[in-house]
Amino acid sequence: LLFDLNKMNNELQTAVYKLKEMQFQNGGFPWFKGSNYPNRYITQHIAAGFGHLKQLNVAIDQKDASEIISRTVRFLDEEIVTDYQTLLKEAEKLKEKEKDGKKGIKAAADYLAENHLGYLQLHYLYMRSFYKDLKIDKKVQTAIDYYTNQSANYWKENNLYSKGLIALIQHRNKNATVASAILKSLKENSIVSEELGMYWKENTGSWYWYQAPIETQALLIEAFSEIENDMATVDELKVWLLKNKQTNSWKTTKATTEAVYALLLQGNDWLSISESVDVTVGNQKIEPSNPDSHREENVKIEAGTGYFKTSWNGDEITPNMGEVTLSKKGEGIAWGSLYWQYFEDLDKITTAETPLKLNKKLFLKSNADKGKLLTEITENSKLKVGDLITVRIELKVDRAMEFVHLKDMRASGLEPINVLSQYKWQDGLGYYESTKDTSTNFFFENLPKGVYVFEYDLRVNNAGNFSNGITTIQSMYAPEFSSHSEGVRIKAD
């Protein structure tokens with residue numbers, strides 16, 4: 001239903017009609033319907049969105065869309081002229097302050113030569129570059145020329161998002177020298193990972209629209225694809241965008257639409273690839289179209305994505321199936337995962353590491369002359385009923401993740417000191433800690449890249465020989481990102 005052409009056309013017309021209803025007489029748009037004032041950035045964002053549709057050759061009802069666009073661009077043209085005239089007035093004041101006419105002229109010229117380039121002015125230039133066919137008044141052109149020159153002179157002083165905007169602006173104004181210099185600088189400061197693709201360490205995001213990581217990556221994809229037509233670099237940038245989606249939610253419709261635009265814009269067309277990855281497990285080649293090549297007879301390739309899955313029972317698994325061969329014929333990238341599930345005594349489990357790495361240790365907590373003393377507990381340690389134990393969990397994360405669950409099991413002979421579930425803050429990390437009968441659970445809404453250490457206390461309340469279980473961690477929405485610590489035993493007299 002999502003790809004039904006009639007439905008898509010109706011939704012498109014409905015969206016255009018809604019925009020038309022919200023637009024003010026002066027051509028601006030509010031942030032929310034009911035506001036009495038236009039929001040300049042939102043208006044520019046809408047105009048740029050129509051520019052994206054134009055770039056992708058998306059057909060829209062010409063009458064309504066053209067009317068909306070012409071009024072919107074006219075409103076924004078007036079805004080940029082106002083910005084420029086404000087600068088001219090300030091320059092005139094400096095000129096009048098000087099008694100010496102030559103000094104006054106120089107003071108005004110020096111003031112105008114300073115960096116007066118704001119994020120709104122840059123975004124306007126980017127938006128306006130989609131509409132070269134719309135008439136530009138002389139006073140508007142003067143303002144555009146001024147800010148365009150400013151962007152060429154001061155691009156080094158801007159952030160990642162702004163550099164992408166400036167590169168596109170300069171390229172569309174035939175200034176290949178500046179555009180190429182910006183892309184060269186961006187490449188030199190980027191990080192390229194075989195798994196994560198190409199990205200920038202500084203692209204971590206903030207509260208401002210010009211520091212949004214998804215929109216920034218999408219814009220840089222547009223810049224590299226349009227200016228250099230470097231498909232290898234563009235594909236690496238796309239990999240980061242999709243890997244980000246694997247472990248994070250794209251917070252807004254704005255982020256999602258910008259990402260979709262970037263993915264559809266240029267580069268190798270991953271959506272048109274019809275050949276699936278050849279998978280061989282042991283000596284069996286998995287062919288979804290051939291039921292004899294796997295156990296499940298109803299395996300179907302999902303339309304549009306090529307996704308399929310299959311499984312085997314324990315008695316069907318042989319040692320040589322531990323060797324899996326993947327072969328990809330087409331362009332682009334593919335994802336898959338292999339799960340091997342089996343039963344094992346908890347204390348015999350060894351550490352498993354993925355991008356999430358766990359290390360768990362138990363310490364006997366005692367009083368000494370210098371204060372509290374922590375002694376690491378091993379399988380040979382002798383504990384007594386009443387002893388206080390500190391659990392220390394070290395977590396290493398090599399990328400930012402969201403919605404992650406950490407579960408720490410405990411021996412049946414131990415009882416938690418803190419039984420209240422509550423939200424906690426530690427080292428800038430917020431998480432919810434929940435104590436259950438057999439485990440302590442940590443829920444991370446946002447888990448930035450880094451190393452984290454968590455500690456909590458337990459009391460030995462029963463004598464015996466116990467398995468202390470393991471600590472597991474898993475992304476709730478990307479289950480292939482999981483890890484666990486090794487299992488240990490404890491003895492208490």
Side-chain angles (χ1 to χ4, degrees), residues 41 44 48 51-52 55 112-130 144-244 255 258-259 261-263 265-268 398-400 449:
Y41 168 68
Q44 289 183 172
H52 290 171
Q55 197 84 340
L112 291 174
E114 293 173 5
N115 186 3
H116 297 291
L117 193 65
Y119 295 106
L120 281 172
Q121 288 79 29
L122 263 180
H123 193 247
Y124 164 83
L125 294 176
Y126 168 75
M127 176 280 302
R128 199 60 172 85
S129 65
F130 288 107
I144 288 176
D145 291 343
Y146 172 77
Y147 286 112
T148 301
N149 290 332
Q150 285 255 303
S151 70
N153 294 333
Y154 294 106
W155 68 266
K156 293 179 183 178
E157 299 177 16
N158 283 275
N159 70 353
L160 203 57
Y161 184 81
S162 297
K163 286 176 182 176
L165 289 176
I166 295 170
L168 285 164
I169 291 162
Q170 295 300 324
H171 172 72
R172 291 170 185 176
N173 281 279
K174 312 299 182 186
N175 190 344
T177 303
V178 172
S180 297
I182 294 173
L183 293 195
K184 183 181 179 183
S185 172
L186 289 172
K187 273 188 177 180
E188 289 174 350
N189 289 283
S190 67
I191 298 172
V192 180
S193 162
E194 184 178 355
E195 182 187 358
L196 299 177
M198 182 176 177
Y199 62 100
W200 286 265
K201 190 175 182 180
E202 66 190 271
N203 190 22
T204 55
S206 182
W207 302 109
Y208 303 105
W209 59 267
Y210 47 82
Q211 292 178 335
I214 302 304
E215 288 91 322
T216 298
Q217 188 80 3
L219 182 76
L220 293 173
I221 289 174
E222 182 181 5
F224 276 96
S225 62
E226 182 176 324
I227 299 169
E228 289 191 343
N229 198 29
D230 182 353
M231 294 303 101
T233 298
V234 170
D235 281 352
E236 289 292 332
L237 292 168
K238 286 183 178 181
V239 168
W240 184 90
L241 205 56
L242 292 172
K243 290 296 287 186
N244 177 274
E258 295 295 316
Y261 170 65
L263 292 170
L265 191 60
Q266 282 191 40
N268 293 309
D398 76 346
R399 71 198 68 183
K449 176 181 178 180

With a 4.5 Å limit on heavy-atom distance, are the side chains of [X] and [Y] in contact?
X	Y	value
Y41	Y119	no
T177	N175	yes
L263	L241	yes
Q150	N153	no
E236	V192	yes
V239	L196	no

Does any N or O in the side chain of [X] come within less than 3.5 Å of the main-chain N or O of [Y], such that one atom is a donor and the other an acceptor?
X	Y	answer
S185	A181	no
Q211	N203	no
Q217	M198	yes

Test of understanding: with side chain to side chain contact (heavy atoms under 4.5 Å, CB included), list the residues that count as partners of N149, not counting sequence neighbours.
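In terms of side chain to side chain contact (heavy atoms under 4.5 Å, CB included), with neighbours along the sequence ignored, N149 is linked to no residue.
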
List the steps, then state whether side chain to side chain contact (heavy atoms under 4.5 Å, CB included) holds for F130 with Q55.
CA-CA 8 Å; F130 288 107; Q55 197 84 340; 4.0 Å; yes

Nearest heavy atoms of [X] and [Y], plus distance in Å:
X	Y	value
I214	A255	CG2-O, 3.5 Å
L183	A167	CD2-CB, 4.3 Å
N189	W200	O-CD1, 3.5 Å

Enter the distance from [X]:[atom1] to [Y]:[atom2] here, rounded to the nearest 0.5 Å.
X	Y	atom1	atom2	value
L237	S225	CG	OG	9.0 Å
I182	I169	CD1	CD1	9.0 Å
N158	L117	CG	CG	6.0 Å
L122	L168	CG	CG	11.0 Å
T233	F224	OG1	CZ	6.0 Å
L160	T204	CG	OG1	10.0 Å

Could you tell me whether the side chains of [X] and [Y] share a donor-acceptor contact shorter than 3.5 Å?
X	Y	value
N159	S162	yes
E157	N115	yes
Q170	S151	yes

Could you check whether the rings of [X] and [Y] sit parallel, tilted or perpendicular, using 30° and 60° as the cut-offs?
X	Y	result
H52	Y261	parallel
Y199	W240	parallel
Y210	Y208	parallel

Run the side chain to side chain contact (heavy atoms under 4.5 Å, CB included) test on H123 and Y161 for me, step by step, so that the C-alpha distance in whole Å, both residues' side-chain angles and the decisive distance to 0.1 Å come before the verdict.
CA-CA 10 Å; H123 193 247; Y161 184 81; 3.9 Å; yes

By the salt bridge (Lys or Arg N to Asp or Glu O under 4.0 Å) test, which pairs, at least two apart or in different chains, include something from residues 162-181?
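Found R172-E222, R172-E226.
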
Strictly by salt bridge (Lys or Arg N to Asp or Glu O under 4.0 Å), give each pair with a member in residues 197-212 just once, sequence neighbours left out.
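Those involving residues 197-212 do not exist here.
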
Assess whether salt bridge (charged side-chain N to carboxylate O under 4.0 Å, His left out) is satisfied between K187 and E228, documenting all intermediate values.
CA-CA 12 Å; K187 273 188 177 180; E228 289 191 343; 3.4 Å; yes

Using side chain to side chain contact (heavy atoms under 4.5 Å, CB included), reason through K238 and D235 one step at a time and then give a plain yes or no.
CA-CA 5 Å; K238 286 183 178 181; D235 281 352; 4.2 Å; yes

Do the charged groups of E195 and R399 touch, with an N to O distance under 4.0 Å?
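Looking at E195 and R399, the cut-off is met.
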
